[in-house]
Protein chains: 2
Amino acid sequence: MSKREDVSISVIRRLPRYYRFLGDLLKTGVYRISSKELALRMGITASQIRQDLNCFGGFGQQGYGYNVEQLHAEIANILGLDKKYKLILLGAGNLGRTIATQMKFEEQGFELIGIFDKKESLIGEVIRGLPVRSIDTIDEFCKTYQPVTAVFCIPKNSALEYADRLAALGIKGFWNFSHLDISIGNDDIVVENVHLGDSLMTLSYKIHDALK
Amino acid sequence: MSKREDVSISVIRRLPRYYRFLGDLLKTGVYRISSKELALRMGITASQIRQDLNCFGGFGQQGYGYNVEQLHAEIANILGLDKKYKLILLGAGNLGRTIATQMKFEEQGFELIGIFDKKESLIGEVIRGLPVRSIDTIDEFCKTYQPVTAVFCIPKNSALEYADRLAALGIKGFWNFSHLDISIGNDDIVVENVHLGDSLMTLSYKIHDALK
DNA sequence: TAGATTGTTAATCGATTAACAATC
DNA sequence: TAGATTGTTAATCGATTAACAATC
């Protein structure tokens with residue numbers, strides 16, 4: 001990792017996919033790969049791969065290609081997967097507990113340290129080794145443990161209520177599953193949206209379109 | 001809905017967001033809106049809104065703007081939200097049952113008609129009014145009920161096993177939560193990927209980058 | 001050395017934004 | 001009619017692809 005300055009989000013969004021493919025290659029014992037071969041497997045152009053990687057440095061070698069293990073590690077580095085950003089999760093409903101239990105946070109740069117809900121009956125329940133805490137204790141919790149990231153698995157209205165509050169408490173990043181568009185009017189924070197409904201509607205369009 | 005021919009995916013992906021904002025406007029009693037005002041609320045340009053909409057037809061009126069209710073309905077139409085594409089879900093684990101219970105399929109163009117898993121102990125359990133069926137009965141089920149869409153909440157290996165098989169059984173669209181890149185080498189089908197891990201890694205990068 | 005493949009510059013393509021005539 | 005705002009064309013900007021000299 002070396003150059004970099006304002007790499008476009010289009011490039012960034014391709015990095016996790018490179019990372020996955022390189023991980024798979026490693027598992028199958030491939031230790032060296034050319035941009036041409038990787039492009040073929042991924043269904044993209046070799047030019048794009050080389051351009052993308054060169055936003056961050058020259059990881060390859062002319063006449064040889066790329067060392068799979070090294071490149072894999074470089075991308076992990078670029079993405080910050082070795083970090084342990086403290087993470088809290090809001091909403092211990094269906095979606096919240098699925099996210100809490102299924103995601104491999106430790107492999108992706110995060111450490112889940114707290115789960116919160118407003119529903120009395122859920123408080124105290126243990127999910128992934130963590131007790132569900134009352135949302136009313138979140139200010140104190142943040143002051144003590146200083147998480148930098150929050151996952152929103154709460155309804156739109158609650159999201160609206162907590163977004164600014166958490167930002168004021170030092171939360172810099174939101175992984176947002178709610179229907180709220182958090183970022184608007186707040187430049188200090190970063191947001192990654194997962195709008196499942198939008199995704200499903202997009203699929204609806206694609207099918208609708210394909211069946212014509 | 002009128003013109004249209006190969007509208008770019010960038011445009012399509014913005015439609016659900018327009019749809020959400022228009023729905024919110026309707027709820028708050030706004031019946032008329034200009035591209036300028038909508039752009040302001042959404043944090044995009046008015047030009048983009050007008051360009052996007054004009055891929056499908058002229059829904060506005062000079063000097064007036066857009067009728068919110070009508071535009072909302074037009075977009076629903078474009079996206080095919082009034083359809084009832086038959087949908088099956090593979091994988092009744094944590095994620096699968098969350099998707100099954102939480103999504104508003106009927107409002108987004110789909111009708112969930114079957115849930116499948118390979119795990120013996122889950123078979124017969126009822127989720128959203130549907131019994132979990134053995135994955136072994138899926139061929140017969142598809143021949144009988146002819147679903148056109150499948151949700152993949154199964155591991156990569158299983159996804160690899162079932163993608164082609166389902167395509168052969170008439171499945172045209174996949175909502176893919178697995179780590180497999182389904183589409184490669186199959187032009188007949190449409191795929192909408194939800195790579196939660198990729199999304200989380202992207203967030204990791206953004207935070208990493210913002211904290212610099 | 002000859003062959004392969006990168007890193008990087010240049011060319012192309014597509015998407016976004018600006019401008020404005022048409023028109024309600 | 002005058003003012004507002006669209007639909008649409010033109011200009012700009014950014015991203016992808018192609019080409020090729022550098023070099024392992």
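Small disclaimer: the values here were computed from a predicted structure and weren't measured. Letters go in sequence order (proteins before strands), and every chain restarts at 1.
Pair assignment for C/dT5 gives D/dA22, based on Watson-Crick or G-U wobble hydrogen-bonding distances that are each under 3.5 Å.
Geometrically, A/Arg32 engages A/Tyr64 in a cation-pi contact, judged by NZ or CZ lying under 6.0 Å from the ring centre and within 45° of the ring axis.
When rounded to the nearest whole Å, the span between CD of B/Gln48 and C1' of D/dT9 equals 17 Å. Taking atom CG of residue A/Asp52 and atom P of nucleotide D/dA15, one finds them 11 Å apart after rounding to whole Å. Here the P atom of nucleotide D/dT23 and the OH atom of A/Tyr66 are 16 Å apart, to the nearest Å. One interatomic measurement links the two molecules: CZ of A/Arg50 to P of D/dA21, which rounds to 14 Å at whole-angstrom precision. Atoms NZ (B/Lys36) and C1' (C/dA19) sit 15 Å apart, rounded to a whole Å. Atom-to-atom, CD1 of A/Ile33 to C1' of C/dA4 comes out at 15 Å; the value is rounded to the nearest Å. Rounded to a whole Å, the CD1 atom of A/Ile9 is 11 Å from the P atom of D/dA15. For the pair B/Ile49 CD1 and D/dT5 P, the computed distance is 13 Å after rounding to whole Å.
Other residues, nucleotides and ligands contribute over 12 non-hydrogen atoms within 6.0 Å of the NE2 atom of A/His195. With a 6.0 Å radius and a threshold of 12 heavy atoms from other residues, nucleotides or ligands, A/Glu69 has its CD atom at or below the threshold.
Neither OP1 nor OP2 of D/dC24 sits under 4.0 Å from any side-chain N or O of A/Arg32. At the phosphate of C/dT6, OP1 or OP2 sits under 4.0 Å from a side-chain N or O atom of A/Ser35. Between B/Thr45 and C/dT16 there is no side-chain N or O to OP1 or OP2 distance below 4.0 Å.
Picking from C/dT8, D/dT6, D/dT17 the nucleotide with the shortest atom distance to the side chain of A/Asn54 gives C/dT8. Considering only side-chain atoms of B/Gln61, the nucleotide from C/dC24, D/dT6, D/dA15 that sits closest is C/dC24. Comparing D/dT6, C/dA18, C/dT6 by their closest approach to the side chain of B/Ser47 singles out C/dA18.
Mapped onto DNA chain D by nearest heavy atom, A/Ser10 and B/Gly65 fall at different nucleotides, with B/Gly65 at the one closer to the 5' end.
For a distance-only test at 3.5 Å, the side chain of A/Gln51 qualifies as a donor-acceptor partner of the base of C/dT9.
When each of A/Asp198, A/Asp181, A/Asn176 is checked for a side-chain hydrogen bond (donor to acceptor under 3.5 Å, both in side chains) with A/Asn193, only A/Asn176 meets the rule.
For the pair A/Cys153 and A/Phe177, the tightest heavy-atom approach, listed with the atom from each and the gap, is SG-CD1, 4.2 Å.
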